[in-house]
Amino acid sequence: MFRADVEQCNWAEISCCPVAPHPPPVGFRGQKRVYGRLRRLFLGIVRVVVAYQVLYKIFCHHQPTRLPLLLLSAFATATATAMETLGVLLLHPVNAYLEQELDRRFRLIRLWDAPPDGSAEFLRANASAIRAVVAYPGYSALAALIDALPSLEIVVSFSVGIDHVDLPKCRERGIRVTNTPDVLTDDVADLAVGLAVAALRRIPQADRFVRAGLWKAKGDYALTTRFSGKRVGIIGLGRIGLAIATRVEAFDCPVNYYQRTKKDYPSYTYYPSVVGLAASSDVLVVACSLNEQTRHIVNREVIEALGPKGVLINIGRGPHVDEPELVSALVEGRLGGAGLDVFEDEPNVPESLFTLDNVVLVPHMGSGTHETRKAMADLVLDNLEAHVLKKPLLTPVI
Ligand SMILES: O=CC(=O)O
């Protein structure tokens, strides 16, 4: 679902970002818009009536016992109005629940409602209304988009990684930025361990073997490699790296890690260089955030150090790894295997990986469970509400 095409997304690219695989038919969207207008009209009438009653009770028939209730209802009305006037730009239909709730609580502006090749014009027409943008990997809030939105106050990212948000630009403009940490940690760590086990035990390959009828035709599947007890090296011992460490401890795996600064974890061994970590690991997991220092942190030297028996797991971002180097090392057998959730140019995956039996490939789905995506959506919504109500943001980046 996520695309980590973080480098060159601009207006022109936003207009050609893929839309929902099955966008709702135009008639259905028209009906929804009419329904939305009717709902807003109805709420508007209710508010006018409530406001009238409040003012009337206060100034004409003041009943002291009911005053707090009336003030509370006036406050609720004002709050709901403030929320509904916040124009929120959604760049792509990333999550049905998030879209539905944004539509219900705020003034949702869908970029994919723009006519083909008309996103620049569409943004110009909505520029004064758009005060918030929901961004996510592959659908970036980079300088061009931010510059096109003079009223922008906040970028809320539906992700923990924020490499697709132009942070210096946001700082310069005083735009707040939030992300969705913690709620996805377990799922991403689970997937990292799953990929490692799947790559070493060749689970997808063995599954294909059975489905192809080869068990009957050829007999038992070739022997695979044990995961329990393998030395696991983790690049980045943040929230997700730590969750991976605690999981692999249950498999009796010694944990090594690389991080810019040593952490206070006596049972994990610190390596001050990634090459040193790779040379001492059977499985190397990329779990750090993407920035200029960590781009291509796994390069040819690291791959060589991991060696023909080593396995690379990447649940970070595609650009953490020099992908052409990785592909040639796998093809030539200089690297033992890989489990990859992310790629340099998503959703494009190097086709030479498709025929390799030593890799497991999944489509950037680390946080892709019903439970976690709902929790991420709730965090996006709560951050937006906090912004409107001028309360502290729940998960601020800036
Ligand atoms: O890739 C997913 C995320 O950063 O949350």
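Remember, it's 1-based here, ligands and their atoms both numbered in the order they're listed.
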Discussion item. Testing the 3.5 Å rule here: is there a donor-acceptor pair between the side chains of N256 and S280?
Written reply: no
Worksheet item: Which of the numbered atoms in ligand 1 are below 4.0 angstrom from a heavy atom of G161?
Response: 3 (C), 4 (O)
Worksheet item: Looking at Y257 versus Y270, is the centre-to-centre ring distance below 6.0 Å?
Response: yes
Worksheet item: For R373 and S367, does a side-chain donor sit closer than 3.5 Å to a side-chain acceptor?
Response: yes
Worksheet item: Can you name the one residue among K309, K230, R226, R231 that meets salt bridge (charged side-chain N to carboxylate O under 4.0 Å, His left out) with D282?
Response: R231
Discussion item. Quick check on contacts: which atoms of ligand 1 are under 4.0 angstrom from a heavy atom of H364?
Written reply: 1 (O), 2 (C)
Worksheet, complete the sentence: ligand 1 atoms nearer than 4.0 angstrom to some heavy atom of L184 are 5 (O)
Fill in: Nearest neighbour of atom 4 (O) of ligand 1 from the list M376, R317, M365, on a heavy-atom basis
R317
Response to the item:
Separation between NZ (K263) and OH (Y268), nearest 0.5 Å, reads 11.0 Å
Worksheet item: Just which atoms of ligand 1 are under 4.0 Å from any heavy atom in S159?
Response: 3 (C), 4 (O), 5 (O)
